2 protein chains.
Amino acid sequence: MEGLLTRCRALSALATCSRQLSEYVPHRFHPCGPGKGQRLVLSRMFQPQNLREDQVLSLDGKSDSLTCKSQRLMLQVGLVLPASPGCYHLLPYTVRAMEKLVQVIDQEMQAIGGQKVNMPTLGPAELWRASSRWDLMGKELLRLRDRHGKEYCLGPTHEEVITALVASQKKLSYKQLPFLLYQVTRKFRDEPRPRFGLLRGREFYMKDMYTFDSSPETAQQTYCLVCDAYCRLFDRLGLRFIKAQADVGSIGGNMSHEFQLPVDIGEDRLAICPSCNFSANMEILDLSQTNCPACQGPLTETKGIEVGHTFYLGTKYSSIFNAQFTNAHGKPSLAEMGCYGLGVTRILAAAIEVLSTEDCVRWPSLLAPYQVCLIPPKKGSKEAETSELSGHLYDHITEAVPHLHGEVVLDDRTHLSIGNRLKDANKLGYPFVIIVGKRALEDPAHFEVWCQNTGEVVFLTKEGVLELLRTQVQVV
Amino acid sequence: MEGLLTRCRALSALATCSRQLSEYVPHRFHPCGPGKGQRLVLSRMFQPQNLREDQVLSLDGKSDSLTCKSQRLMLQVGLVLPASPGCYHLLPYTVRAMEKLVQVIDQEMQAIGGQKVNMPTLGPAELWRASSRWDLMGKELLRLRDRHGKEYCLGPTHEEVITALVASQKKLSYKQLPFLLYQVTRKFRDEPRPRFGLLRGREFYMKDMYTFDSSPETAQQTYCLVCDAYCRLFDRLGLRFIKAQADVGSIGGNMSHEFQLPVDIGEDRLAICPSCNFSANMEILDLSQTNCPACQGPLTETKGIEVGHTFYLGTKYSSIFNAQFTNAHGKPSLAEMGCYGLGVTRILAAAIEVLSTEDCVRWPSLLAPYQVCLIPPKKGSKEAETSELSGHLYDHITEAVPHLHGEVVLDDRTHLSIGNRLKDANKLGYPFVIIVGKRALEDPAHFEVWCQNTGEVVFLTKEGVLELLRTQVQVV
């Protein structure tokens, strides 16, 4: 992001905009000299973390609806606000975390050849009738009529739509395949009982990929390729996961896996075998089955939150919509399909659920909304003479560590003690908290650095701080 | 984006994913040695530009529905595909351009202190009834009932919702204001006659910002600040625009401006004064008025496409939802509001409308989906011996000009002549097309570089190409 002033360029002849930059200093930032960049300050953020707990609870109407840790914490520190049952406002910190997550997903999907598209929300009823899911999905489908009486649903998933889209391409050759098409969009499902905050909402962001292959063999390879990309994604986020065999449900097809984060509040029951790699959702096992079908060893049970789901679809949808390509023999042939979902907002909430303490949000390092929080001394304290030092340190960090540009927040609420602000910072889960405290009076000045993810607290000179951040901070 | 292989890390104990990377080469890319990066190749893209015109027209059902140049071109070169009336699939090139546009918008909004939020699509009827817009909006509002019979609309705009959100914050102080909250999300409007492709659709992406100030004076300053940011945005995109006084319409308030791109197919009639800065939408002028209200000079008329709209709302919504803050005297006071829209998908289509020729798409340089297209010689031609050179040039470019990473496409359809591929590249509007042709046989090799935006064609050595791209390419 360039500074404001450097962008003030000549107007085109027709523009009649009156620029009043010099009269009005922007908001969230401390004013500072040109070329110095701007400092993000906490006092101007729309971030209701100052709310006391009693207020937070009243936001949701009744405190007994706060059914899990991530939902309670996300409300408490101002990450989300409820809008209507199962629908949440995502506040600025959450939007930043979500955008980082989408960037990691884009990287992983594009590394395996994924191409990003964007399909409409309104799904024409005729497409959903063709697959019989207009009736099968029942009340989970939110439906409406337009001004002409034409029926639509709000897409909870897009198998019908994308298959019709690919089927409209009449000249596809086997040489072009496989296609791996994906989108990251808001999806809708009229949950009978929305709960757990972002974990089971009626509106949510999902990454859905659909693959089109020329043979069952290559489709299987594509299926493995996408599953491997999912594994890498969760590895990069530092989230322990289980890839479990699963039911195909209403999507259909003949092979399916769920990616589950093991945690007590999980709604899925999983059977895992400690001796071999087998794991499966209990719903696909015979209830009397207590031994692993693969190695006959005893199965153990755990609960999980489903964060990803993959399906090998075969020609279920391509045969309905006639999605064909020309094969190596010049003959038309039905595409072999797969579909692959990742719950974007759900991964955020599930990660917070598994990583956080009872009182403090913890993020996958890559996704933390801001990497660094800088706490200057309290106004009127004897360290207050070092408060200019805080500003300089802020500028040094963002200049010397370019990938931290936009990632450092200055907690300028200097009417509060360092301790109180540290408590807030701890709750919000910045990976690094830097305190300009007593030892900043030393020569050379030393700063107190809290590394949240390792639990370490160290005192470092400015150079030490820069070196630590340069080498330790992960940014997407 | 790191290479595939470097990301293949150790699995967590519970993960049971079988990685088969070595058996299966990803898709859209030419395989190449580790560390070399991957080459984006055109033959594997889901990008129906090879369709002949007769096929393109049939996609839309009837050719007379292609009512403007941008719609026709966007269908022809495979940027969008129709899904249902007023709803389009955005194909990969368009998604890339849109993501770049959103990045520019984010930069400009955040430079003035904008904070990004994300509000639900489902707007509870009670909020819309409170402002009377549930009835006023009539058939433009898409409405539905959930499984419990509760009524919602699909948000075309979010004044009600954001004001209720801010009103829920009971401890706002004047010291925290102004807040500039914005989102970039899909909006819905049941247009009586959707047309012009993305220019007037029923689903579209919009950037909507809402501002909350502590006094009418600061609210006016915030209004100017946002208008100035809009001016800078259109300047950066190289789009000539008119900022015209406008009607407040159903949004309400007491001051409003439209940002218009002047073009013949525009649906708005604008009066502009060549002698002073005055310009206005004709709908707010007395029909008999032919002289400028500011300088009395004669007015001229032009047509425009509205791409942005700003409103100073006063307390219209804050009084309905009781959005208050504590003022400097410790008393509760209603927030002064503004709202500000940018049509994201509409800016894309309008830019294509004003910049393109009849046959060839042209983009604002910053938004071009890919900056460079590299065309190697035709298979079997006498230049074919240089085709390895093309691959090397591709690698050199992406290594030597880091901001071009992911921005270079290799048109590997070497069964086609250079001329045919150049024609395709010209249609798609890559800012730079590099041809490995006859003069690549010289020592040193020379490459033919088409600079689409200046109309120049130059022959350069490899070093010259790198220097040109390093200095001339604009990337967000």
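In what follows, chains carry the letters A, B, and so on, assigned in the order in which the sequence lines appear, proteins first and then strands, with residues in each chain numbered from 1. Computed from a predicted structure; not experimentally measured.
- Of all the listed residues (B/Gly406, B/Ala83, B/Pro192), the one sharing the greatest number of non-hydrogen pairs under 4.5 Å with chain A is B/Pro192.
- Taking the six-membered ring where the residue is Trp, A/Tyr230 and A/Phe259 present perpendicular rings, their angle passing 60° and hence far from 30°.
- In this structure, the portion of B/Tyr152 lying under 4.5 Å from any heavy atom of chain A is its side chain and not its backbone.
- Remark: side-chain polar atoms of A/Glu151 are not paired, donor with acceptor, to backbone N or O of A/Arg143 under 3.5 angstrom.
- For the options A/Asp146, A/Ile162, A/Leu142, A/Thr185, heavy-atom pairs under 4.5 Å to chain B are most numerous at A/Asp146.
- Using a 4.5 Å cut-off between heavy atoms, B/Phe212 does not touch chain A at all.
- Of the atoms belonging to B/Pro124, it is side-chain heavy atoms, and not backbone ones, that fall under 4.5 Å from chain A.
- Listed for the A/Ser279 side chain is a donor-acceptor partner under 3.5 Å among the backbone atoms of A/Lys243.
- The only option from B/Glu99, B/His89, B/Arg186 that meets the side chain to side chain donor-acceptor pair (under 3.5 Å) definition with A/Asn118 turns out to be B/Arg186.
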Could you walk me through whether A/Leu144 and B/Leu154 pass the side chain to side chain contact (heavy atoms under 4.5 Å, CB included) test, one step at a time?
CA-CA 10 Å; A/Leu144 56 83; B/Leu154 303 186; 3.6 Å; yes
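- With a 4.5 angstrom heavy-atom cutoff, B/Tyr205 touches chain A only via side-chain atoms.
- Options B/Arg96, B/Lys116, B/His148 differ in how many heavy-atom pairs under 4.5 Å they form with chain A, and the most are formed by B/Lys116.
- The aromatic rings of B/Phe179 and A/Phe46 stand perpendicular to each other, their planes meeting at an angle above 60°, with 30° marking the opposite boundary.
- With a 4.5 angstrom heavy-atom cutoff, B/Leu181 touches chain A only via side-chain atoms.
- Proximity to chain A (any heavy atom under 4.5 Å) is shown, for B/Ser173, by neither the backbone nor the side chain.
- Per-residue heavy-atom pair counts under 4.5 Å with chain A were compared for B/Thr121, B/Leu91, B/Val117, and the maximum is reached by B/Thr121.
- Applying the 6.0 Å contact sphere to NZ of A/Lys139 captures no more than 12 heavy atoms from other residues, nucleotides or ligands.
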